[in-house]
Amino acid sequence: MVEQASALLAGLNPAQAEAVETTEGPVLVVAGPGSGKTRVLTHRIAYLIEERNVLPDQILAVTFTNKAAREMRARVDRLITGGAATGLVMGTFHSLGVRFLRQNPGAVADRLGLLPNFLIYDDSDQLALVKSAITAAGQDPKQLAPRRALSRISAAKGQLLTPSEAQAEAATHDDEVIARIYGRYQSMLRKANAVDFDDLLALPIRLFDESPGVLARYQERYRYILVDEYQDTNRVQYVLVSALSQKWRNLFVVGDPDQSIYGWRQADIRNILDFERDYPDARRIDLELNYRSTARIVAVADRVIRENSQRLDRKLRTENPEGSPVVLRELSDQNHEATFVVSEIRRLMRGQVSSGNDIAVMYRTTAQSRVLEEAFRTSDIPYRIVGGVRFYDRKEVKDVIAVLRLLHNPADDVSLERLIENHPVGRGIGPKALDAVRAWATERGVPTVDGFVALVPGSAPPLGGDSGPTVSGSARSAGQRLGAALAQLRESRGHLTLAALFDEVVERTGYRSAFDDETEEALQRWANVLELRADLERYDIVDPGEALATYLEQVALVSDVDTMADDGRGQVTLITLHSAKGLEFPVVFIAGVEEGLLPISRAVEAEFHDPLPMEEERRLFYVGITRAERLLYLTYAGSRQVYGRYQPGVASRFLASIPQDALQTLTRSFGGRPTSSRLADRVRGDGGGSGGGWSSPMPESAPPPRPEPLPDFAVGQRVFHAKFGEGRIAEVVDRPDDKELAVEFPRHGKKRLMASFARLDIIGES
């Protein structure tokens with residue numbers, strides 16, 4: 001056992017080894033990017049099992065993604081004797097929530113009103129349901145955006161507020177309307193025997209509150225709890241972890257407040273910042289040594305993030321080589337930017353510097369991907385977009401899965417409506433007929449689907465002895481056809497494998513005929529349907545009685561990053577900065593590093609009354625920088641098309657934090673004020689499509705470009721800004737190699753700008 005323990009500690013640096021060996025009591029590990037936190041987590045789990053004789057089923061490890069859970073479990077299995085940590089619970093918070101709800105069917109039914117076959121509604125299901133809830137609450141979905149209502153409902157659930165509590169706390173008319181919609185939405189979820197993703201976190205807490213014995217059982221079982229990416233936990237997750245760890249207090253959390261980037265979905269950075277206050281006896285261990293990136297990239301990241309105030313101070317460092325300078329490139333517009341990115345990637349690949357799999361292009365908003373994708377599409381470089389339409393979100397795939405969901409949970413009216421709308425078997429059933437069947441079913445307390453089955457001649461006598469729903473004419477014939485197909489599929493479900501059940505679904509609903517036109521689009525969509533069948537075949541070894549529930553649960557919990565895989569085709573990855581969290585690439589391009597994109601415009605507008613969104617934007621930039629191992633490119637556009645009109649682009653304020661000696665600036669006028677030649681230079685597009693003779697990255701011996709001297713800005717001067725117009729300087733603050741200016745603009749209010757990037761012209765004194 002001593003030899004095994006020493007093997008588990010071999011190769012760890014002192015801070016990593018300390019984190020592995022500190023097994024008792026609360027522990028906070030502040031893990032900088034590329035500092036080996038996954039290695040620490042996996043070695044700690046193996047150390048607990050091998051050295052401390054902890055049973056695997058006494059350990060609970062919570063990860064941020066399913067992909068991370070799979071990778072960590074595989075690592076643990078390789079580390080321990082016997083090769084499998086049987087009983088170890090490892091997964092995301094949402095999968096953990098599902099586990100608690102599934103494992104306690106009696107208490108869940110009694111306390112929460114959920115039957116064991118409940119479904120997990122995905123984003124599109126939730127949107128469809130909230131639209132109905134808006135209408136039911138007497139509002140117009142065209143006036144009140146369903147996405148906004150859903151976001152507000154999610155925020156309420158994130159604070160553990162019930163609809164009645166949200167109603168009681170409503171401070172405005174808008175709050176009161178949202179609370180009413182929330183109540184309708186939640187009632188519709190329960191009627192459908194369904195939950196949304198927020199429920200997967202909130203409902204276990206309700207279960208524990210109302211069934212203390214259930215909580216006590218889990219508290220006794222999980223003696224060691226490990227939580228990865230703790231900086232991105234929200235209030236509900238904080239409460240859940242705190243409750244589970246209360247008995248043994250062996251809570252080990254790993255995270256980095258500098259990488260907290262999910263505040264928009266209620267992640268609370270205070271959870272990690274206040275950990276030592278919540279647990280006064282906690283031990284803090286800092287992982288500062290970066291193994292991922294070159295020294296220049298690490299230095300740039302460290303300088304950028306030190307501008308933030310909401311952080312736990314420590315020095316990011318590395319023993320890696322200095323590496324090439326970070327390339328900063330100004331382009332004329334977004335098309336020029338996309339062309340430069342593609343041409344530079346082509347140059348790197350032709351020079352055998354990198355393969356496509358090694359390269360990622362990152363951006364702040366999904367809208368930026370359109371121009372980039374167009375440039376890649378017309379090139380010879382294979383690419384993939386992460387964050388586009390997932391396989392399980394494609395219309396034809398969702399159409400088939402809707403039928404499978406309805407067979408699993410007959411109360412799922414969202415899936416029933418999708419079946420009627422998109423499958424040939426549903427043709428002829430209009431809104432009036434559907435409402436009649438739904439009213440009949442509601443009156444009798446049965447699912448709507450039972451009303452259609454009741455229309456079939458020779459079916460079991462409907463409840464109450466009547467003749468079924470009052471539907472006549474062609475609608476009745478169509479309803480009978482649908483009812484017969486569903487009744488036959490119900491009979492088949494219990495004894496068929498999922499692949500065989502798929503075949504029955506496609507045949508009895510007539511869905512194959514929807515692709516008979518054999519156009520290229522139809523053939524591609526049908527190929528997606530067949531790919532779904534291949535996916536279902538993986539579950540042929542599972543008992544037919546459990547396979548469908550298991551499959552639907554896995555589909556509901558999958559995310560974009562979970563489906564990423566290296567397929568060996570050398571594809572460049574196009575990905576948002578938020579989705580890139582947890583990934584790493586030898587070469588990274590960050591496009592659109594400009595005001596209004598990074599930082600996003602809403603953070604710019606809010607900064608004077610709330611600086612926290614701006615700090616999160618800086619953290620997002622930091623996350624992007626630290627994904628790069630060897631080469632990092634930063635690009636921004638001198639103008640960008642917004643709503644069909646070109647607007648001047650301003651380099652991001654975040655660039656001002658980067659030391660000049662770490663940069664290779666590929667523009668002749670970066671940092672200076674506009675000149676008469678700048679526009680001509682942009683129109684010519686120097687260094688555009690073919691690379692224009694730019695040779696990057698710069699040889700390490702090349703001197704950094706000399707920044708142009710700043711004008712003598714002073715309080716009271718009148719200045720002109722290309723985007724905000726004329727303004728007056730209200731404040732000047734000296735910064736290292738720069739000046740921070742507060743400028744009052746009549747139309748836009750006060751803006752804080754870095755002088756080296758703002759390109760202000762002095763036009764007089766006030």
If we ignore angles and hydrogens, is there a donor and acceptor under 3.5 Å between the side chains of [X] and [Y]?
X	Y	value
Gln571	Arg384	no
Thr172	Asp174	no
Ser477	Ser474	no
Asp399	Asn422	yes
Lys191	Gln186	no
Asp535	Tyr551	yes

Practice task
Return the set of residues passing side chain to side chain contact (heavy atoms under 4.5 Å, CB included) with Ala109 (not counting sequence neighbours), or none when no residue passes.
Solution key: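 Not a single residue meets the side chain to side chain contact (heavy atoms under 4.5 Å, CB included) criterion with Ala109.
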Handout entry: Residues that Arg99 engages under side chain to side chain contact (heavy atoms under 4.5 Å, CB included), provided they are two or more places apart
Key =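 Testing Arg99 for side chain to side chain contact (heavy atoms under 4.5 Å, CB included), a comparison that skips the adjacent residues, returns Val89, Leu96, Gln103, Tyr222.
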Just by modelled atom types, is the [Y] backbone N or O under 3.5 Å from a matching donor or acceptor in the [X] side chain?
X	Y	result
Arg476	Pro469	yes
Glu537	Ala499	no
Thr509	Val505	yes

Practice task
Could you list the residues that satisfy ring pair (Phe, Tyr, Trp, His ring centres under 6.0 Å) with Tyr383, not counting sequence neighbours?
Solution key: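 Ring pair (Phe, Tyr, Trp, His ring centres under 6.0 Å) list for Tyr383, sorted by chain: Phe376.
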Problem - With Tyr238 via ring pair (Phe, Tyr, Trp, His ring centres under 6.0 Å) - residues at least two apart - result: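 Expected list: none.
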Practice task
Mind checking the CZ-CD1 spacing from Arg235 to Ile205? Nearest 0.5 Å is all I need.
Solution key: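 One finds 8.5 Å between CZ of Arg235 and CD1 of Ile205.
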Exercise for the section: To the nearest 0.5 Å, tell me how far Asn66 CG sits from Met90 CE. Expected result: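 Asn66 CG to Met90 CE: 12.5 Å, rounded to 0.5 Å.
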Problem - Pairs flagged by ring-ring contact (aromatic ring centres under 6.0 Å, His included) wherever residues 399-424 is involved - sequence neighbours left out - result: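 Listed once each, the pairs are His423-Tyr511.
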Handout entry: Residue pairs involving residues 87-107 (criterion ring-ring contact (aromatic ring centres under 6.0 Å, His included); sequence neighbours excluded)
Key =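 Those involving residues 87-107 are His94-Phe197, Phe100-Phe208, Phe100-Tyr218.
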In the structure I gave you, are the side-chain heavy atoms of [X] and [Y] within less than 4.5 Å of one another anywhere?
X	Y	value
Tyr185	Ile153	yes
Gln266	Ser154	yes
Phe502	Leu496	no

For [X], which residues count as a side chain to side chain donor-acceptor pair (under 3.5 Å) partner, sequence neighbours excluded?
X	answer
Arg206	none
Lys131	none
Ser415	Arg405, Asp412
Glu210	none

Problem - Summary of salt bridge (Lys or Arg N to Asp or Glu O under 4.0 Å) pairs that have at least one residue in residues 425-438, sequence neighbours excluded - result: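 Listed by first then second residue: Asp413-Arg438, Glu417-Arg438, Asp435-Arg438.
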Exercise for the section: Fit a plane to each ring of Tyr262 and Phe64, take the angle between them on a 0 to 90° scale, and name the class: parallel (under 30°), tilted (30 to 60°) or perpendicular (over 60°). Expected result: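 Geometry flag for Phe64 against Tyr262: tilted rings.
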Result block: side-chain N/O donor-acceptor pairs under 3.5 angstrom for residues 161-168, not counting sequence neighbours:
| unit_1 | atom_1 | unit_2 | atom_2 | d |
| --- | --- | --- | --- | --- |
| Thr162 | OG1 | Ser164 | OG | 3.1 |
| Thr162 | OG1 | Glu165 | N | 3.2 |
| Thr162 | OG1 | Glu165 | OE1 | 3.4 |
| Glu165 | OE1 | Thr162 | N | 2.9 |
| Gln167 | NE2 | Glu176 | OE2 | 2.9 |

